[in-house]
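This structure is a prediction, so every number in the text was calculated from the model and none was measured. Letters A, B, ... are given to chains in the order of the sequence lines, protein chains preceding strands, and every chain is numbered from 1.
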Amino acid sequence: MIDVELLRAHPERLRASQRARQADESAVDRALEADTARREALTAFETLRAEQKAFGRRVAKAAKDEKAALVSQVRELAERVKQAEAAARDADETFQAALRGIPNLVLAGVPEGGEDDYEVLREVGERTTFDFEPQDHVALGERLHLFDLERGAKVSGTRFYYLTGWGARLQLALLTMALDQAVANGFTPMITPTLVNPEIMRGTGFLDSHADEIYYLPADDQYLVGTSEVALAGYHAGEIIDLSKGPQRFAGWSTCYRREAGASGRDTRGILRVHQFDKLEMYVYTTPEDAAAEHQRLLAWEEEMLAKIEVPYRVINTAAGDLGSSAAQKFDTEAWIPTQGCYRELTSTSNTTTFQARRLGIRYRPEPGGPTTPVATLNGTLATTRWLVAILENHQQADGSVVVPDALRPYLGGLEAITPED
RNA sequence: GGAGACGUCGCAUAGUCUGGUCGAGUGCACCACCCUGCUAAGGUGGAGUCCCGGGUUUCCGGGACCGAGGGUUCAAAUCCCUCCGUCUCCGCCA
């Protein structure tokens, strides 16, 4: 949620932000109007309510035989209070809805435009080349019995899969390595709920821009999370937290569920785009002043992981129009996928500034005993099931085996390569 | 799944039967100051969150908030309903 003070004092900044996102500028003015209407309605109600309370005190103090007369006098006032309260509530709901309709203010440095207007910040590593015809991850995985797509489809439908044998172990190894790295950097490991209540899902902003991506269970009025970011954001909802000892960093391990509603026909092969996968996610609560620096740290930790799996990648600065409603800036890292001849997203780190925290009511005290103010929150990927695609394709050998990157070997009992004979 | 008890200001509790002077007492913790020759004890005061208006760095006035949401009433922490959560017992499954 946008800061109301910002809306009132600098609506032009929000209009510019909306333009950069290729979103509706008039939403800003509707929110401003709704704010004015809400304040008028609130003042009207509060004036009447104060009158009523003053009268109530007189009734309480009055002698018994006078009470009936006084009470009959305020009946009509009580009715007006009730109406004014309803009007104030309606005006507030209108305002809240208008405010929620405005996505986060994009930061300076975010490229304007849509999905294809990203800026490439750097490319790291040489694009992998082979002196043989490389196989795609599906062929490799099936040959090495790392996953079973056919039976995944039989049991759960398209975009579902079983990880089997070394495939299952490879995922566990990868996520465990990610968790170890996070812990070494001061993150608190968390295994989070994957089913959350509506107010938490709404608070993270996913119901705005990604609503059709989310599984919903009507019988229970709950949502399946598409990332543990949701549960980690909700963790401190409604709380005043302590940031005096620095940022609070959490590493969430969870299964993630996505409907992939708008992606029919895209990436239908293999485990690149699936309805269910596992992820290790970083989530940070920090001060608004520190958020940009923390964002760089999250990106650096992501790149540290990519270095460990030894795949070429690039880093992009996502364009404004491709940001989620909560994000003020987003960096993706994309690994080179040899058989596709392009880079594919492996990690994504967003600075959501105070946007999520405002919606979820998460504050801190900059000064001990001083007033509260919303915290800033950030998130970033450290490993997902999809990483297996990049590992398999980039480390494949002419004989169909896949060399295990050095850093992963300790997590696989020292295994150096996955070979067809296994 | 059945029965019951409970949910109050950081923690622990009072207040609910008998609606009004209760945004709410007490203890502990906390902050400031005082006192005591010093990591004890004592004294005084302060202190919740959010919103609106005015003044504008630490102020004043008003409103909301006693798990959440409805209702009754001139008036609700207090009465009624629904939901959520916690605990205890029973059943069921391990």
Side-chain angles (χ1 to χ4, degrees), chain A residues 1-10 31-100 102 192-193 195-203 216-223 230-231 234-245 248 285 288-289 354-375:
Chain A
M1 192 157 56
I2 281 302
D3 182 3
V4 186
E5 299 296 331
L6 175 73
L7 173 70
R8 289 176 194 154
H10 301 289
L32 275 172
E33 285 163 25
D35 181 39
T36 306
R38 155 196 167 249
R39 287 148 90 178
E40 282 170 4
L42 189 62
T43 302
F45 158 65
E46 287 184 347
T47 306
L48 285 171
R49 181 71 174 143
E51 209 178 306
Q52 184 189 33
K53 285 178 74 167
F55 215 101
R57 281 188 284 272
R58 276 175 62 195
V59 173
K61 273 186 277 189
K64 255 204 174 93
D65 52 341
E66 289 170 21
K67 276 190 180 171
L70 284 169
V71 163
S72 66
Q73 280 182 50
V74 272
R75 285 234 166 82
E76 185 258 354
L77 176 62
E79 191 51 41
R80 277 165 46 209
V81 169
K82 198 164 281 182
Q83 285 171 11
E85 185 175 19
R89 192 173 51 230
D90 288 350
D92 189 58
E93 278 168 14
T94 303
F95 167 67
Q96 295 296 337
L99 199 62
R100 276 197 305 272
I102 302 175
T192 62
L195 215 46
V196 299
N197 292 329
E199 63 270 20
I200 300 297
M201 187 57 86
R202 201 173 305 117
Y216 174 61
L217 282 68
D220 301 283
D221 191 25
Q222 290 192 303
Y223 295 91
V230 177
Y235 188 69
H236 279 313
E239 298 180 16
I240 299 169
I241 65 169
D242 181 14
L243 293 179
S244 64
K245 295 173 201 72
Q248 288 199 28
Y285 299 85
E289 295 71 33
T354 58
F355 190 87
Q356 284 182 342
R358 260 177 230 287
R359 286 189 170 193
L360 291 166
I362 309 169
R363 294 102 75 209
Y364 79 111
R365 295 183 199 279
E367 304 293 334
T372 66
T373 187
V375 304

Check: A/R49 side chain, A/V81 main-chain N or O, donor-acceptor pair, under 3.5 Å: no

Partner nucleotide, any strand, of B/rG55 [Watson-Crick/G-U, under 3.5 Å]: none

Neighbours of RNA chain B within residues 48-55 of chain A, by heavy-atom distance under 4.0 Å: A/R49, A/A50, A/Q52, A/K53

Whole angstrom value for the distance that separates C1' of B/rU72 from CZ of A/R75: 13 Å

Greater than 12 external heavy atoms within 6.0 Å of A/Y235's OH: no

Whole-Å distance separating the CD atom of A/E199 from the C1' atom of B/rC83: 12 Å

Watson-Crick or G-U wobble mate for B/rU49, both contacts under 3.5 Å: B/rA64

Among B/rA75, B/rG63, B/rC52, the nucleotide that comes nearest once only the side chain of A/F45 is considered: B/rG63

Check: A/R38 side chain, A/Q96 main-chain N or O, donor-acceptor pair, under 3.5 Å: no

Atom C1', compared across B/rC11 and B/rC30: separation rounded to whole Å: 12 Å

d(CD1, A/I200; P, B/rC84) in whole Å: 17 Å

Whole-Å P distance, B/rC33 and B/rG27: 22 Å

Backbone of A/E199 reached by a side-chain donor or acceptor of A/N197 within 3.5 Å: no

Non-hydrogen side-chain atoms of A/I241 and A/I362 separated by less than 4.5 Å: yes

Complement of B/rA76, any strand, by Watson-Crick or G-U distances under 3.5 angstrom: none

Heavy-atom check, side chain of A/T354 versus side chain of A/D3, under 4.5 Å: no

Pairwise P distance for B/rA32 and B/rA40, with rounding to whole Å: 14 Å

Identified pairing partner of B/rG85, criterion: Watson-Crick or G-U wobble below 3.5 Å: B/rC6

Counterpart base for B/rG27, defined by Watson-Crick or G-U wobble contacts under 3.5 Å: B/rC11

Atom pair distance, as rounded to whole Å: CG in A/L77 and C1' in B/rU73: 14 Å

Sort me out a list of protein N/O and nucleotides 47-51 of chain B N/O pairs below 3.5 Å, or just none if empty.
from: B/rU49; atom 1: OP1; to: A/R365; atom 2: NH1; distance (Å): 2.8
from: B/rU49; atom 1: OP1; to: A/R365; atom 2: NH2; distance (Å): 3.2
from: B/rU49; atom 1: O3'; to: A/R363; atom 2: NH2; distance (Å): 3.0
from: B/rU49; atom 1: O2'; to: A/R363; atom 2: NH2; distance (Å): 3.1
from: B/rC50; atom 1: OP1; to: A/T372; atom 2: OG1; distance (Å): 2.2
from: B/rC51; atom 1: O3'; to: A/R38; atom 2: NH2; distance (Å): 3.0

Check: A/F45 main-chain N/O paired with A/E85 side-chain donor or acceptor under 3.5 Å: no

Whole-angstrom distance between B/rG10 and B/rU72, as gauged at atom C1': 35 Å

Parallel, tilted or perpendicular: ring planes of A/Y216 versus A/Y223, cut at 30 and 60 degrees: tilted

Pairwise P distance, B/rU56 and B/rA75 [rounded to whole Å]: 39 Å

Pair partner, B/rC33 [Watson-Crick or wobble, under 3.5 Å]: B/rG43

Pairing residues for A/F95 by the ring-ring contact (aromatic ring centres under 6.0 Å, His included) criterion, not counting sequence neighbours: none

